[in-house]
Trainee: 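Shown below is the structure under consideration.
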2 protein chains.
Amino acid sequence: MWWDERIVASQPGSDNLTPHEQPNGVSTAGADRGAPKPGKGGSKDAKAAKKAERASQRGKAAPATQPDPDDPLRDNYGDPPLVQSRAQTGEKYWQISELSPALSGQKVLLRGRVHNVRGKGKSSFVVLRQQSSTVQVVLFVDDKTVSKGMVKYVSGIPKESIVDVSGEVHVPQEPVQGCTCSQVELKALSVKCISRAAPLPFDLSDAARKEEDLQREDAQFVTVTQDTRLENRWIDLRTPVNQAIFWIQSAVCQLFREALLAESFQEIHTPKLIAGASEGGAAVFKLDYMGREGCLAQSPQFYKQMAICSDMSRVFEIGPVFRAEKSFTHRHLCEFTGLDLEMAINEHYNEVLDVLDRLFVYMFNGLKSRCAADLATIQEQFPVEPLQYLPKTLRLPFEEGMKLLQEAGFEPDPLGDLTTELERNLGKIVKQKYNTDFYILYRYPLAVRPFYTMPDPEDSRYSNSFDVFIRGEEIISGAQRVHDAAMLTERAQVHEIPLDSIQSYINAFKFGAPPHGGFGVGLERVVMLFCGLDNIRKTSLFPRDPKRLTP
Amino acid sequence: MWWDERIVASQPGSDNLTPHEQPNGVSTAGADRGAPKPGKGGSKDAKAAKKAERASQRGKAAPATQPDPDDPLRDNYGDPPLVQSRAQTGEKYWQISELSPALSGQKVLLRGRVHNVRGKGKSSFVVLRQQSSTVQVVLFVDDKTVSKGMVKYVSGIPKESIVDVSGEVHVPQEPVQGCTCSQVELKALSVKCISRAAPLPFDLSDAARKEEDLQREDAQFVTVTQDTRLENRWIDLRTPVNQAIFWIQSAVCQLFREALLAESFQEIHTPKLIAGASEGGAAVFKLDYMGREGCLAQSPQFYKQMAICSDMSRVFEIGPVFRAEKSFTHRHLCEFTGLDLEMAINEHYNEVLDVLDRLFVYMFNGLKSRCAADLATIQEQFPVEPLQYLPKTLRLPFEEGMKLLQEAGFEPDPLGDLTTELERNLGKIVKQKYNTDFYILYRYPLAVRPFYTMPDPEDSRYSNSFDVFIRGEEIISGAQRVHDAAMLTERAQVHEIPLDSIQSYINAFKFGAPPHGGFGVGLERVVMLFCGLDNIRKTSLFPRDPKRLTP
């Protein structure tokens with residue numbers, strides 16, 4: 001894989017001649033990995049960049065961007081004018097993945113990033129990258145195509161710059177080491193840099209380093225802290241693991257919708273700007289809405305239920321949810337993507353669990369088959385046991401879960417909520433007993449569930465509700481809802497929720513309301529836990545936490 | 001169709017015996033239709049409901065909810081306990097659409113709403129509704145199954161209540177008039193009301209009245225104002241047209257994604273909570289983000305571009321966008337659903353237009369084939385000419401558009417923006433000349449486009465940008481973007497945008513940025529204009545405008 005090569009290249013004594021040998025804005029190996037640190041925003045980043053710039057200038061002239069006008073081969077290199085829709089030649093731009101020995105001798109044009117470049121006297125070797133694919137481009141001064149000036153120009157192109165390379169496909173004697181495309185390389189005919197990169201705050205190879213390498217006793221690598229990554233997310237996202245994570249995230253959404261559309265669900269879009277706090281509590285962002293107080297929805301809960309009251313009998317939504325919680329954990333964000341559904345039921349909320357079961361088994365199977373390469377890429381940097389799940393998901397009553405914990409020596413409150421610690425331990429017990437990382441815990445105590453949760457008809461200490469866990473962490477919360485306006489009012493009063501703040505929600509149930517239930521899932525958590533990653537910031541494109549609102 | 005019948009039923013002198021004959025909260029025919037009025041929120045609604053309640057109580061006892069304990073047939077009717085997941089019999093609940101004469105004599109169980117009920121002495125006729133499907137349920141006192149008490153109970157069930165009806169499928173001598181299921185009716189065996197509706201603020205039949213009926217000279221119908229509809233959206237959404245609109249909305253999203261996923265696009269989710277105003281200007285909702293100022297994103301513009309800088313070469317997003325504009329028009333909302341895409345280009349933003357062209361033709365074709373019944377339903381209430389579009393979308397240069405307007409006697413500013421009025425007129429001219437309601441206008445003057453728009457390389461008065469129109473109204477805005485940090489800084493300065501508010505955005509372009517372009521579409525506008533509807537509030541589930549934040 002392409003980042004293997006970089007372990008060598010960025011070690012002390014490597015022959016890397018690019019101007020950014022020692023990346024800045026990084027810490028030494030092992031320090032602060034994964035743990036978020038309060039950042040100072042742009043200023044820290046700016047300092048790092050300046051430091052890098054100074055380092056690059058030390059003893060070196062800025063690399064030439066234009067050819068020597070006296071070079072007869074000057075047309076083969078140099079920075080062209082900005083790509084500005086001047087003309088449309090329609091010439092094919094090739095993908096690295098399309099290259100093969102069958103094309104030997106053919107001229108191809110590729111656009112990609114300079115992943116690495118080494119100039120050595122009369123030759124230059126460029127590793128050209130497109131997303132996670134790499135190919136080697138070679139230049140030898142021959143005075144027919146490649147001049148000394150061209151080699152110098154190419155060798156001076158900063159890493160991560162974008163270049164248009166025209167080259168002849170060539171099958172090397174030995175497969176190229178350290179490139180994903182190892183069977184062929186390109187003999188450069190022309191190289192033009194269309195977008196130059198400034199000095200990098202960190203080296204991409206350092207950001208892509210394997211966990212096991214970093215943990216080796218003799219490790220001498222620089223480690224890129226999470227804060228530095230997030231400050232420069234547009235660079236961090238270029239690592240193979242990050243490319244893979246966001247393809248998986250895209251696939252989760254598509255699989256979620258495929259499964260639900262096939263079961264007659266309808267996609268809806270509910271308002272995020274609302275008048276009252278959607279679930280009560282302090283964790284709500286408030287704002288001025290044209291002179292009156294508005295809030296950001298903490299979930300589409302109320303509105304997806306109103307859709308049910310509106311005869312849309314099965315609905316789902318994928319959209320942002322907002323939590324103004326000062327939770328600074330590995331699994332909380334202030335803004336995340338909610339996958340929500342709500343459905344009318346005939347008799348029992350087991351009907352919701354049936355949909356949930358089919359949905360998630362479909363999603364997990366789909367991820368395994370469609371994203372096999374992406375999952376392998378993640379495994380390589382962050383090895384973890386693949387998710388174990390059953391063809392029919394285990395459904396464990398809450399009371400039985402408590403018994404299992406008690407038998408293992410824990411002392412859970414039988415009518416209280418589970419702590420994160422107890423959830424984790426129950427996950428381990430279930431894994432051992434039932435051989436699954438994914439299970440449903442149902443019939444939670446009523447007191448620990450939101451006011452709109454339907455009480456258990458047999459025992460009002462319990463409720464018609466459930467949570468779902470992956471690897472011992474909660475990812476789904478759901479229930480049958482109260483669809484009777486009088487009972488809903490009563491339950492809100494028990495929870496001391498001011499009725500005027502939820503009056504229109506309660507009104508929705510007054511004109512004939514179908515029995516219904518549903519659940520919500522956090523997209524970033526699903527991706528994190530399915531892949532076995534250690535921090536939710538890894539699965540959010542531009543994460544928002546109590547300290548981070550940029551970039 | 002089911003609402004035809006209601007025209008008769010709610011006319012003066014009809015034999016409608018339900019308690020809510022004269023709907024309240026409605027205005028007389030023709031008044032205020034379509035035009036939004038500043039509402040007083042819940043209080044107005046509450047008053048209307050109380051008035052209706054009083055009217056219903058006048059001279060009538062509350063209808064019985066439980067059977068006469070002495071009735072030997074008492075098991076066949078009465079309100080059962082709340083559906084609370086007591087047990088799961090697994091008994092099949094039928095859909096009206098499944099019923100046919102082939103089932104004659106079979107016993108079936110259905111859950112649906114009481115769309116209408118007429119009691120006449122010893123008989124009762126119920127129109128049972130599931131979404132937009134209706135079937136007639138008949139009861140005749142026979143003292144074997146149906147008692148007098150049962151007929152009285154059924155006749156007293158308020159409209160819009162939800163009932164479980166067990167009945168025998170029966171083929172009537174004449175087809176049932178005014179029900180979607182006309183070939184069969186049900187002979188009731190048992191009727192149980194599982195959720196009673198309170199007095200309705202308006203009659204669903206009035207809300208579903210055809211435009212042409214309302215506009216008849218002798219029209220004597222009550223008209224439901226838009227404000228009353230939106231105040232009680234959970235009832236309004238039950239009309240066949242509204243059911244159809246939101247199935248079309250769901251289909252638009254699915255078609256959008258299908259087309260793009262097939263062209264190697266990736267779905268992303270960008271933050272809605274951001275530090276600076278995403279596009280400058282005053283139309284931004286501000287909020288307190290953990291002690292510092294935050295904003296709601298006015299579009300995913302900056303973040304989808306940052307995704308391009310992160311090597312995600314083709315991305316799309318479906319998500320909410322927020323505009324704190326005090327625009328009170330038929331086509332503006334303060335929150336709407338944006339369909340956004342951004343893609344790397346090789347040479348020219350025509351590559352973006354090629355994607356746009358294929359995408360929209362695919363979507364329009366898909367809507368016509370997948371949503372034919374829904375479109376017909378909308379046509380019936382709101383007749384309009386179906387959208388005309390070409391297999392290859394017309395691309396008209398802005399300058400040529402100005403010429404067409406000038407030739408028609410208008411005086412557009414050749415380097416200014418088009419007014420809504422001029423856009424509408426240009427739409428008419430284009431329709432006449434090219435026979436299309438859907439076209440692209442490209443190469444807009446630079447001065448009227450956002451700062452991140454790439455200037456035209458030949459003539460800097462123009463830009464590499466475009467708008468797209470349906471029926472003379474703008475639905476898409478797009479462009480090639482500036483991918484050079486220095487040029488971007490310069491353009492921001494020209495637009496007097498404070499650089500510190502967009503610094504992290506500009507930074508994203510410093511580390512090698514691919515040339516790229518993209519566009520954004522408003523989901524509600526697409527649905528409104530494709531269907532030829534007159535107000536965007538009709539295509540938003542729970543619309544948000546400067547006066548409306550509830551329900």
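Numbered from 1 within each chain, the chains take letters A, B, ... in sequence-line order. Owing to the predicted nature of the structure, the values given are computational and were not obtained by experimental measurement.
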Trainee: When heavy-atom pairs shorter than 4.5 Å are enumerated against chain B, which of Leu237(A), Leu287(A), Val83(A) gives the highest number?
Mentor: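 Highest number of pairs under 4.5 Å: Val83(A).
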
Trainee: Identify which part of Thr337(A) has an atom lying under 4.5 Å from any heavy atom of chain B, answering side chain, backbone, both or neither.
Mentor: side chain

Trainee: I'd like to know if the side chain of Ser133(B) pairs up with that of Gln95(B) as donor and acceptor (distance under 3.5 Å, no hydrogens or angles considered).
Mentor: no

Trainee: Quick check: do Val114(A) and Glu160(A) have side-chain heavy atoms less than 4.5 Å from each other?
Mentor: no

Trainee: Does any part of the side chain of Phe202(A), heavy atoms only, come nearer than 4.5 Å to the side chain of Asn232(A), both counted from C-beta?
Mentor: yes

Trainee: When only pairs under 4.5 Å are counted, which of Arg196(A), Gln503(A), Arg233(A), Glu458(A) shares the most heavy-atom pairs with chain B?
Mentor: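 Most pairs with chain B among the choices: Arg196(A).
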
Trainee: Who wins among Pro455(A), Gly291(A), Gly294(A), Ala485(A) for the most heavy-atom pairs under 4.5 Å with chain B?
Mentor: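 Of the options given, most contacts go to Pro455(A).
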
Trainee: Of the backbone (N, CA, C, O) and the side chain (C-beta and beyond), which part of Tyr303(A) lies under 4.5 Å from a heavy atom of chain B, both, or neither?
Mentor: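 For Tyr303(A), heavy atoms of backbone and side chain both lie under 4.5 Å from chain B.
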
Trainee: Given heavy-atom pairs under 4.5 angstrom as the criterion, report whether the side chain, backbone, both or neither of Gln130(A) touches chain B.
Mentor: neither

Trainee: So which of Ser195(B), Pro551(B), Pro271(B) has the largest heavy-atom pair count under 4.5 angstrom toward chain A?
Mentor: Pro271(B)

Trainee: For Cys193(A) versus Val163(A), what's the shortest heavy-atom pair and its separation?
Mentor: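 Distance-wise, the nearest heavy atoms are CA-CG1, 3.7 Å.
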
Trainee: Which bit of Glu325(B) comes within less than 4.5 Å of chain A, counting heavy atoms only: side chain, backbone, both or neither?
Mentor: backbone

Trainee: Which region of Thr89(B), side chain (C-beta onward) or backbone (N, CA, C, O), has a non-hydrogen atom less than 4.5 Å from a non-hydrogen atom of chain A, or is it both or neither?
Mentor: both

Trainee: Among Asn242(B), Asp236(B), Thr270(B), Leu261(B), which residue has the highest count of heavy-atom pairs closer than 4.5 Å to chain A?
Mentor: Leu261(B)

Trainee: With a 4.5 Å heavy-atom cut-off, do Leu273(B) and Pro320(A) have their side chains touching?
Mentor: no

Trainee: Salt-bridge test for Asp456(B) and Arg443(B): reply yes if a basic N is under 4.0 Å from a carboxylate O, no otherwise.
Mentor: yes

Trainee: Find the one option among Met454(A), Met290(A), Gln266(A) whose heavy-atom pairs under 4.5 Å with chain B are most numerous.
Mentor: Gln266(A)

Trainee: Of the backbone (N, CA, C, O) and the side chain (C-beta and beyond), which part of Glu258(A) lies under 4.5 Å from a heavy atom of chain B, both, or neither?
Mentor: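 Neither part.
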
Trainee: Could you have a look at Phe336(A), Phe542(A), Tyr349(A), Trp247(A) and say which one has the most heavy-atom pairs with chain B under 4.5 angstrom?
Mentor: Trp247(A)

Trainee: Between Gln305(A) and chain B, with a heavy-atom cut-off of 4.5 Å, which part of the residue counts as in contact: side chain, backbone, both or neither?
Mentor: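 Neither part; nothing is under 4.5 Å.
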
Trainee: Under 4.0 Å between a Lys/Arg side-chain N and an Asp/Glu carboxylate O for Glu267(A) and Arg257(B)?
Mentor: yes

Trainee: Does any heavy atom of chain A fall under 4.5 Å from the side chain of Glu524(B), the backbone, both, or neither of them?
Mentor: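 Looking at Glu524(B), nothing touches chain A.
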
Trainee: Taking Gln249(B), Met312(B), His483(B) one by one, which has the highest count of heavy-atom pairs under 4.5 Å against chain A?
Mentor: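 Top count of heavy-atom pairs under 4.5 Å with chain A: His483(B).
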
Trainee: Contact part of Asn346(A) toward chain B, heavy-atom cut-off under 4.5 Å: side chain, backbone, both or neither?
Mentor: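 Contact with chain B involves both backbone and side-chain atoms of Asn346(A).
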
Trainee: Evaluate the side-chain proximity of Ser313(B) to His516(B): yes if any heavy-atom separation is below 4.5 Å, no if none is.
Mentor: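 His516(B) does not reach Ser313(B) side chain to side chain.
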
Trainee: Is the Phe285(B)-Phe322(B) ring centre distance short of 6.0 angstrom?
Mentor: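 Distance test on ring centres: not under 6.0 Å, no.
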
Trainee: What part of Lys272(A) is in contact with chain B, defined as an atom under 4.5 angstrom from a non-hydrogen atom: side chain, backbone, both or neither?
Mentor: both

Trainee: Quick check on Lys326(B): does its NZ atom have over 12 non-hydrogen neighbours (other residues, nucleotides or ligands) under 6.0 Å away?
Mentor: no

Trainee: Below 4.5 Å, heavy atoms only, C-beta onward: do Asp545(B) and Phe328(B) meet side chain to side chain?
Mentor: yes

Trainee: Using heavy-atom distances under 4.5 Å, tell me whether Ala87(A) contacts chain B through its side chain, its backbone, both, or neither.
Mentor: backbone

Trainee: Can you say whether Pro81(B) sits under 4.5 Å from chain A via the side chain, the backbone, both, or neither, judging by heavy atoms?
Mentor: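 No part of it gets close to chain A.
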
Trainee: Given a strict heavy-atom distance threshold of 4.5 Å, which part of Arg292(A) is in contact with chain B: side chain, backbone, both, or neither?
Mentor: side chain

Trainee: Side-chain contact test, heavy atoms from C-beta onward, threshold under 4.5 Å: evaluate it for Arg86(B) versus His348(A) and give yes or no.
Mentor: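 No, side chains not in contact.
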
Trainee: Can you say whether Gln480(B) sits under 4.5 Å from chain A via the side chain, the backbone, both, or neither, judging by heavy atoms?
Mentor: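 Only the side chain of Gln480(B) comes within 4.5 Å of chain A.
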
Trainee: Looking at Cys309(B), Ser504(B), Pro457(B), which has the largest count of heavy-atom pairs under 4.5 Å with chain A?
Mentor: Pro457(B)

Trainee: Could you check whether Glu335(B) pairs with Arg323(B) (Lys NZ or Arg NE/NH1/NH2 to Asp/Glu carboxylate O, under 4.0 Å)?
Mentor: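 Answer for the salt bridge query: no.
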
Trainee: Does Arg113(A) pair with Asp311(B) as a salt bridge, N-O distance under 4.0 Å?
Mentor: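 The answer is yes: the pair qualifies as a salt bridge.
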
Trainee: Please rank Asp500(A), Ile194(A), Ile268(A), Asn350(A) by heavy-atom pairs under 4.5 Å with chain B and give me the top one.
Mentor: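 Looking at each option in turn, the highest pair count goes to Asn350(A).
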
Trainee: Do you know which of Gly319(B), Cys334(B), Ser540(B), Ser310(B) has the most heavy-atom pairs under 4.5 Å to chain A?
Mentor: Ser310(B)

Trainee: Can you say whether Ile235(A) sits under 4.5 Å from chain B via the side chain, the backbone, both, or neither, judging by heavy atoms?
Mentor: side chain

Trainee: Specify which of Ile308(B), Leu523(B), Leu541(B) makes the most heavy-atom pairs with chain A at under 4.5 Å.
Mentor: Leu541(B)

Trainee: I'd like to check Gln84(A) versus Pro515(B) (side-chain heavy atoms, cut-off strictly below 4.5 Å). Are they in contact?
Mentor: no

Trainee: Between Glu347(B) and Arg111(A), does any NZ, NE, NH1 or NH2 come within less than 4.0 Å of an OD or OE carboxylate oxygen?
Mentor: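 No salt bridge links Arg111(A) with Glu347(B).
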
Trainee: Can you tell which part of Pro543(A) gets under 4.5 Å to a heavy atom of chain B, answering side chain, backbone, both or neither?
Mentor: neither

